[in-house]
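Reading through the structure tokens given below for one structure.
Worth knowing before you read on, the calculation uses all heavy atoms, side chains too, and leaves out hydrogens, waters and symmetry mates. Whatever order the structure lists ligands and atoms in, that order sets their numbers, starting from 1.
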Amino acid sequence: MYLKTLLNLVHPVKGFVYTKPTLFPDAHHPNGFRVEVAMRARTGSRGICSGCGQRGGTYDTQPVRYFDFPPLWGLAVVLAYAMRRINCPRCGVKVEQVPWIEPGSKSHMTLAYEGFLARWAKCLSWKQVADAFWVKWDTVYRAVESSVSYGLQHRELGSVTAVGIDEVAHGKGHNYLTLVYQLNGNCRRLLHVTQGRTARSLLGFFRMLKRSGVDARASIRYVCTDMWQPYLKVIAKKLPSALHILDRFHIVANANKAVDEIRAAEAKQLKAEGYEPVLHQTRWCLLKRKPNLTQKQRARLKDLLQYQLKTTRAYLKVQALHLLWNYTSPTWAGKHLDAWCRDVMRSRLEPLKKLARSLRKHRQLILNWFEAKKQYSSGIVEGMNANVKLGYKRAYGFRTFEAAQVALYHQLGQLPERPTTHRFY
Ligand SMILES: [Zn+2]
């Protein structure tokens, strides 16, 4: 069997034929070789004008160009082709458009190779992909970018009925990204990423929907956010009839933050007063959910709860707050929430009091969780899961916002891929 036969099987190109492949020694490629496959236009075929997409006669032929193709057995494969210039009746003399690269692109990567690298970049870091295939980091970036840009143009947005909005810190200092997810049922995907966490950052999402011809008011029925004021304002304005939910995930995160603040302050105080370090290494005992504690942490917690400390009082109050989500009726959940807030407001635990005040302010949005649960049993109410959080991590390392954005869409966007005749990976 010839290499040509394989190429025609995995990568047939209409209007073009593969000619004899040649093996060249080449120190720039893995194992010191490259396989060069010369291509030519099928005899008598007319090239396609890159300006208008119409076929036209050949004006002249440009010097040979090389296009990287997925490697074979650790050997680099390169397609070599001399582009024709087309004498187009409409556009004048134009370079032809070839099917193995994006129309109008000056890329030296075939779409097959772009897709190949982009797929690998879902499993490995971009640096690892670059190292594995002897390419530059930039090459991997461009491959992923091109595949993301195709995906964003071809994704379907009409089915979005529930969204979650979240902000994450990005890079050093107080830089944030606003992320919008689709949360209907089992479909969780990243829909939008913008810089910052202002009202404007979130408005970008609604602009994007409008551009894609989606009427947000008509289609989005549930929206899930944290207690960030600019988001709350935008939601009230843009989605007045959707059920707006403050989800459990963010409330618990805030409660844990309050406990941690109290613990840190108390530990410092005890140390200053010369007491034994009872709070030493208790952070995770206090912040982890009980079923997730290790044997050792469980014993440590039990021990700790015997002391009369601000920290233990705060811990027990947060445990009581957790019970809120065992309710199914919004009315009873409301009573529990009110009682909890009253109790906390009587305490001298300032960070928890601050939380209680904000929970009171957003009481209705918190209780909407129970309304949504009744009508919309799964998915949305669980908030952002840990897997999604892990997905950001890969993007954190990128210095520029653009690269982080591309990486996030690629990892979490569930974007459609270009249709191909063959899966190289
Ligand atoms: Zn033309």
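Among residues two or more places apart in sequence or in another chain, the side-chain contact (heavy atoms from CB on, under 4.5 Å) test is passed with Lys353 by Val344, Met345, Ser347, Glu350, Arg357. Residues passing the side chain to side chain donor-acceptor pair (under 3.5 Å) test with Arg65, sequence neighbours excluded: none. Listed by chain and residue number, Leu293 satisfy the side-chain contact (heavy atoms from CB on, under 4.5 Å) test with Arg298 (two or more places apart in sequence, or in another chain).
Counting only protein N, O or S atoms, the number found under 2.8 Å from the Zn ion (ligand 1) is 4.
Salt bridge status for Asp131 with Lys127: present, with a side-chain N to carboxylate O gap under 4.0 Å.
A donor and an acceptor atom, one from each side chain of Thr198 and Ser201, are located under 3.5 Å apart.
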For a salt bridge (charged side-chain N to carboxylate O under 4.0 Å, His left out) check, start with the C-alpha distance between Arg342 and Asp338, then their side-chain angles and the critical distance, and finish with the verdict. CA-CA 6 Å; Arg342 265 199 312 277; Asp338 296 342; 5.7 Å; no
